[in-house]
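These figures come from a predicted structure and were not determined experimentally.
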Protein chains: 2
Amino acid sequence: MATAARSTKYRRQSDTDLSRMEIMEGAALCFEARGYSATSLDEVAARIFSTKGRIYHHYASKAELFLDVYRTGMLMNFQAIEPILERDMPAIERLKAVLKAHVMCVIRTKAFQNVVGQGVDMLRHGTMPANEHAELEQLAALRDAYSDHFRTVLEQAMADGDIAYANIKIALNSVFMCINGPIVWFTPRKGQDEREIEAVADECVLYAIRLLGYRGEMP
Amino acid sequence: MATAARSTKYRRQSDTDLSRMEIMEGAALCFEARGYSATSLDEVAARIFSTKGRIYHHYASKAELFLDVYRTGMLMNFQAIEPILERDMPAIERLKAVLKAHVMCVIRTKAFQNVVGQGVDMLRHGTMPANEHAELEQLAALRDAYSDHFRTVLEQAMADGDIAYANIKIALNSVFMCINGPIVWFTPRKGQDEREIEAVADECVLYAIRLLGYRGEMP
DNA sequence: TTGACAACATACTCGATAGTATGTTCAAGT
DNA sequence: ACTTGAACATACTATCGAGTATGTTGTCAA
């Protein structure tokens with residue numbers, strides 16, 4: 001049985017984080033493919049050759065699992081860009097680097113980011129499945145904080161005269177639509193190496209900064 | 001009863017198109033707010049102060065209703081841009097006009113366009129709820145035809161040297177992400193007149209053509 | 001005026017699924 | 001060795017919602 005194979009791999013004390021991560025990965029793939037409410041926990045369990053019992057051992061509800069995937073996706077984003085924000089360089093270069101890091105992260109963690117997108121939609125429409133308001137607002141705050149990082153860099157690059165936008169809300173939304181695009185339209189090829197993925201990311205970044213009025217060419 | 005009020009309005013023979021449209025509008029709003037599988041037909045019915053019986057009188061299934069909303073949304077798009085495509089003008093000007101028309105249409109028919117987006121996702125992941133493959137592929141073809149209109153104008157403007165992109169697939173996807181952005185982030189304000197909406201649309205178009213390497217200013 | 005039918009509303013069925021209750025196994029501590 | 005509890009699996013319940021079956025009403029045509 002596949003279950004037996006898995007159990008020797010994970011069945012050790014304090015491996016619960018590993019187990020949760022395996023569950024989250026299965027859940028992210030299912031949520032991405034069929035959406036939150038269309039995916040049953042039995043599907044998620046089947047995807048990792050397990051059972052619903054295991055999921056409910058780690059999560060109190062379907063919503064809690066979803067929120068954990070959401071949170072993990074956001075944390076992946078933060079980890080990708082925060083080191084770059086501390087670097088000392090011209091704002092426009094920091095902008096390019098941050099955009100690139102975001103796109104690369106988004107492509108690599110496509111399923112998780114798709115769930116993040118669904119979560120944002122749910123927050124927007126107030127149709128979250130959970131009742132834990134604390135959790136919800138905390139995640140909304142996370143999202144805002146992440147967005148603010150980009151807003152700040154935009155404003156700095158604008159002050160330097162390297163880019164020009166009219167309404168920062170619309171500009172920021174457009175940039176996000178652009179660099180989050182791969183979540184929707186990118187389909188990984190078999191045997192596609194890192195170089196090719198970087199080329200896609202570079203092109204996305206180029207379009208994003210062009211959108212902001214950047215005139216220079218890319219390195 | 002609200003039902004009585006409605007019946008005097010629509011209850012006449014051959015008003016079935018009107019009735020279907022009212023159902024579709026309710027469905028579009030529900031699907032937008034909660035997603036296809038999370039919305040029950042009882043909700044849709046309640047939104048138009050009616051019952052599930054009425055919906056099943058006009059549609060054989062939930063999926064068929066969804067597909068009708070999808071198709072209607074796509075037709076709205078075609079109607080918005082096709083007259084412009086026939087105009088005789090420089091490709092770059094036609095591009096601007098078509099983008100503007102699309103954004104205006106998208107903002108006006110936000111709920112329907114959100115459903116279109118969900119439909120595209122479903123096609124992409126092959127998780128359509130319906131079994132009518134004919135209908136499905138027909139809609140996919142519609143979507144492709146619509147996309148091709150933009151692709152053609154892009155190629156013409158590129159040949160004229162007014163824009164420059166590297167990979168047309170990525171460029172086209174990025175443009176669509178940008179001009180479809182309002183579907184996601186636009187929230188209509190009370191008492192917001194046509195001018196303000198046009199201003200938003202103009203800014204979206206500006207970012208979209210800048211993204212493509214356009215250097216001129218907007219009129 | 002009556003009967004036929006469109007356009008619904010009402011009242012059900014039945015399958016899918018979130019959640020629960022309980023059983024099983026294994027690893028570590030004593 | 002035996003006990004405990006974490007980490008599951010299995011078996012069940014309860015609800016929700018898609019789809020159906022049937023009832024009701026108004027309208028038009030003959």
Separation of atom [atom1] in [X] from atom [atom2] in [N], rounded to whole Å:
X       : N      : atom1 : atom2 : value
B:Arg54 : D:dG19 : CZ    : P     : 19 Å
A:Ile55 : C:dT17 : CD1   : P     : 13 Å
A:Glu22 : D:dA7  : CD    : P     : 14 Å
A:Ile23 : D:dA7  : CD1   : P     : 11 Å

By nearest atom, which of the nucleotides [options] is closest to the [X] side chain?
X       : options               : value
A:Thr51 : C:dG19, D:dG19, D:dA9 : D:dA9
B:Ser50 : D:dC8, D:dA18, C:dA9  : C:dA9
A:Thr16 : C:dA7, D:dA7, D:dT20  : D:dA7

query: Just by distance, with hydrogens left out, do B:Asp68 and B:His58 show a side-chain donor and acceptor under 3.5 Å apart?
result: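 No, because no side-chain N or O of B:Asp68 sits under 3.5 Å from a partner of the opposite role on B:His58.
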message: Within the 3.5 Å criterion, strictly below it, is a donor on A:Glu43 or A:Thr39 matched to an acceptor on the partner's side chain?
response: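 Their side chains do not contain a donor-acceptor pair, so the 3.5 Å distance test is not met.
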message: Contact between B:Val44 and B:Ser40 at the side-chain level, heavy atoms closer than 4.5 Å - yes or no?
response: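 A side-chain contact is absent here, since even the closest heavy-atom pair is not under 4.5 Å.
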task: Evaluate the side-chain proximity of A:Asn114 to A:Phe31: yes if any heavy-atom separation is below 4.5 Å, no if none is.
output: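 A:Phe31 vs A:Asn114: side chains apart.
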message: Can you pull out every salt bridge (Lys or Arg N to Asp or Glu O under 4.0 Å) where at least one residue sits in residues 177-197 of chain B? Sequence neighbours excluded, please.
response: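 Salt bridge (Lys or Arg N to Asp or Glu O under 4.0 Å) check on residues 177-197 of chain B returns B:Arg108-B:Glu194.
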message: Using a distance-only criterion (donor-acceptor N/O pair, under 3.5 Å, no hydrogens), is the base of D:dA18 paired with the side chain of B:Lys52?
response: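 Result: at least one qualifying N/O pair found.
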Aromatic contact, B:Phe150 with B:Phe176 (centres under 6.0 Å):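 They qualify: ring centres under 6.0 Å apart.
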- prompt: Do B:His102 and B:Phe78 have their ring centres less than 6.0 Å from each other?
  reply: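 No - the distance between ring centres of B:His102 and B:Phe78 does not fall below the 6.0 Å cut-off.
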field: Neighbours of DNA chain D within residues 32-45 of chain B, by heavy-atom distance under 4.0 Å
entry: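 Contacting residues: B:Thr39, B:Ser40, B:Leu41.
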B:Ser19 side-chain N/O to C:dA7 phosphate OP1/OP2 under 4.0 Å: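 For C:dA7, neither OP1 nor OP2 has a side-chain N or O of B:Ser19 closer than 4.0 Å.
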task: Check DNA chain C against residues 57-69 of chain B and give the residues with a non-hydrogen atom under 4.0 Å, in numerical order.
output: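 Residues of residues 57-69 of chain B under 4.0 Å from DNA chain C: B:His57, B:His58.
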query: Honestly, is B:Lys62 close enough over B:Tyr56, meaning NZ or CZ under 6.0 Å from the six-membered ring centre and within 45° of the axis?
result: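 No cation-pi geometry.
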task: Find out whether the Lys NZ or Arg CZ of A:Arg54 is both under 6.0 angstrom from the six-membered ring centre of A:Tyr59 and within 45° of the ring's axis.
output: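 No.
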